[in-house]
Protein chains: 2
Amino acid sequence: MAVTIKDVAKKANVAPSTVSRVISDNPRISDATKKRVRKAMEELGYHPNVNARNLAIRSTQAIGVIMPSSAETSLQNPFFPEVLRGIGSMALETGYSLYVSTGGDDTQSFEEVKRMVYGNRVDGIILLYSRRNDPIMNFLVKEKFPFVLVGKPYKKESQITYVDNDNIQASKKMTEHLIELGHRRIAYLGGTTDLVVTTDRLDGYKQALSAANIPINEKFIIHDEFLRSSGRKAVEKLFSFSEPPTAILVADDMMSLGVINMLEELGIECPEDVSITSFNNLYLSEITRPSLTTVDINIYSLGIQSAKSLIERLKAKDEPVKRVIVPFEIKYRNSTRALTE
Amino acid sequence: MAVTIKDVAKKANVAPSTVSRVISDNPRISDATKKRVRKAMEELGYHPNVNARNLAIRSTQAIGVIMPSSAETSLQNPFFPEVLRGIGSMALETGYSLYVSTGGDDTQSFEEVKRMVYGNRVDGIILLYSRRNDPIMNFLVKEKFPFVLVGKPYKKESQITYVDNDNIQASKKMTEHLIELGHRRIAYLGGTTDLVVTTDRLDGYKQALSAANIPINEKFIIHDEFLRSSGRKAVEKLFSFSEPPTAILVADDMMSLGVINMLEELGIECPEDVSITSFNNLYLSEITRPSLTTVDINIYSLGIQSAKSLIERLKAKDEPVKRVIVPFEIKYRNSTRALTE
DNA sequence: CTGAAAGCGCTAACAC
DNA sequence: GTGTTAGCGCTTTCAG
């Protein structure tokens, strides 16, 4: 087997405990022996065994990251690698490792989480999505296991540390923008209503309409899986009305791509015939045609902040529950235009 | 602390070793005691401590996944979540966990790998990219640490287990398709030549041209970061020739998006003015406009196979080095058309 | 300042 | 079939 702390101890003529202290840079060790021990470590090519260490200190220096169950095509959404990048960079900086669960179906996802929690694999967890009545989140809460949520909790908001954008506000601002451009018939296309982010964005939309005294037309509000053809019917229907929308607020960049594509098949051009606004500011929203007017939600920063909050909590058990709101910024591009009729 | 194997042993009136045997479902334990022990575990809410187990068996049941250093925008490429999904599903099935390194810069990436390897954090590693003279791969080879590569090794091919498509063939086929469509002036746009996949696809392109007796025009071969504006100059130049290309073989779907976008800004339409073929068949290649004629490289399967190969290797130390070639399939869509002039 | 020794929770001979 | 007993490699009192 590999070289252990004992080998180093022997070579440096000290006790294993001394070596251990050198590793953790304990100030009570004389510089002389420190130097000697380090030299021995060097020569032997010693590297501490993390497992043994973790067992002894009952911690793992690892955090678990839970993606939504991959049944959904959602995983192809570049949102995830991007948060991961943020989380990863913070983890690196603080010496934590990343354990990732990519899901499978809901049951498997849950199993993975149990393994992480019960098996002492990770010290804390970051949940990359928020939906109502999520069994995993309920489990984490029940077990009092440290975790932070990326997104807004469906309930028990005050008891859960989470990192989110102000999606209601962002959506409201975006809708107001459309209104300023002269649009009145504005539709909302969102994904599954299970996700809190979807309903938040819907709320913002409604608020803006109400504030502008535009009646809310329930027929203009559609929830569907727009990535697949199933969404086509919905879009077709939307434009079969005698007074179809002149603008659409779409809840996600990937979805927008799909919607624009469907529209084109129906002979409806964006932005000429209909303006589209979107969310997330994925890299591709800039290079798609038309480039998307979209809300930059700062995905990377969501990752950074969530990792930061979790790690703070792990270091100080009594760290208070907190909410971190990452600012958003609207990117004005070419998928919207003023209504001139 | 949590409930341990001893607690269960006591409660079930057996020795800890018996409990351990029940956990691993050792056939030498009578069904009666098995039942009794399981009941005790149930009642106590016992879950084995993975760290302790790992320490005892000197293994971690975890595999490390190394992404390219995230300096590159490449991480926003949905390729990664998709392989991850494949790897994850295989890992789940076999009881392995996933450790992910998201990079940071090259140095940090390397550090992470060392931590994984030396710290005994993972049993094996999957490298998600292949480039020439990659220090990480060299390190892994030198340390004789079990790993598999997604992509083709730059050298020492016979000593490294890897999972890849036949990119040369795929590229050749695609180029032939363009030739059949009547194109003669075909350009190749690829990413950094560091990546083996880039050069493989270039090779296939060249082979097809040569086979068709079309001289290779070096001015038609461009390597650049097409995601950013830097690529624009290259594209502009390409179309400033008196005889510009009528078709372009682009090495990646995301890149194709960017290229089509640039072309449009130059007033060049796809497929009317220029045909474009692409690689990867990301989900978005179907919903972009025009939808992309692209090579489906079966990303998910690349993930599955790489995990499978690694795990086989981990289970049998003497498992031979192997090469797995995942089949590709060309998806014919709307970014290409026959040349009629 | 440093050493000795007792664990952390589990597995794996080796007995019986 | 099941119990006993050493470890796995590291940390951490407690002495000195």
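Note on naming: letters A, B, ... go to the chains in the order of the sequence lines (proteins, then strands), and numbering restarts at 1 for each one.
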Item to check | Presence of salt bridge, B:R131 and B:D106, under 4.0 angstrom | outcome: yes
Using OP1 and OP2 only, check whether a side-chain N or O of [X] sits under 4.0 Å from [N].
X      : N      : value
B:Y118 : D:dG9  : no
B:S20  : C:dT11 : yes
B:R58  : D:dC8  : no
A:S30  : C:dT2  : yes

Item to check | Member of A:D164, A:V150, A:N298 meeting the side-chain contact (heavy atoms from CB on, under 4.5 Å) criterion with A:V326 | outcome: A:N298
Quick one: [X] [atom1] to [N] [atom2], roughly how many Å, whole number?
X     : N      : atom1 : atom2 : result
B:I5  : C:dA12 : CD1   : P     : 11 Å
B:R28 : D:dG3  : CZ    : P     : 13 Å
B:L55 : C:dG7  : CG    : P     : 17 Å
A:I57 : D:dT12 : CD1   : C1'   : 12 Å
A:K10 : D:dG9  : NZ    : P     : 13 Å
B:I23 : C:dT11 : CD1   : P     : 5 Å
B:R53 : C:dT11 : CZ    : C1'   : 8 Å
B:N13 : D:dT2  : CG    : P     : 13 Å

Next on the checklist: Determine whether a donor-acceptor pair (one donor, one acceptor, N or O, separation below 3.5 Å) exists between the side chain of B:R21 and the base of D:dG3.
Outcome noted: yes
Checklist entry - Ignoring hydrogens and angles, are the base of C:dA4 and the side chain of A:S17 linked by a donor-acceptor pair under 3.5 Å? => result yes
Checklist entry - Pick the nucleotide of DNA chain D nearest each of B:A56 and B:I29; which residue has the one closer to the 5' end? => result B:I29
Checklist outcome for this item: Of B:R36 and A:A52, the one whose closest nucleotide on DNA chain D sits nearer the 5' end is B:R36
Checklist entry - How would you label the contact of B:V14 with the nucleic acid (heavy atoms, under 4.0 Å): base, sugar-phosphate, or nothing? => result sugar-phosphate
Checklist entry - What nucleotide, of C:dC10, D:dG3, C:dT2, holds the atom closest to the side chain of A:T33? => result C:dT2
Checklist entry - Can you tell which of C:dT2, D:dC8, C:dA12 lies closest to the side chain of A:K6? => result D:dC8
Next on the checklist: Using side-chain heavy atoms (C-beta onward) and a distance below 4.5 Å, is A:R313 in contact with A:T161?
Outcome noted: no
Item to check | B:M137 and B:Y154, any side-chain heavy atoms less than 4.5 Å apart | outcome: no
Item to check | Partners passing side-chain hydrogen bond (donor to acceptor under 3.5 Å, both in side chains) against A:K34 (at least two apart in sequence or in another chain) | outcome: A:D25
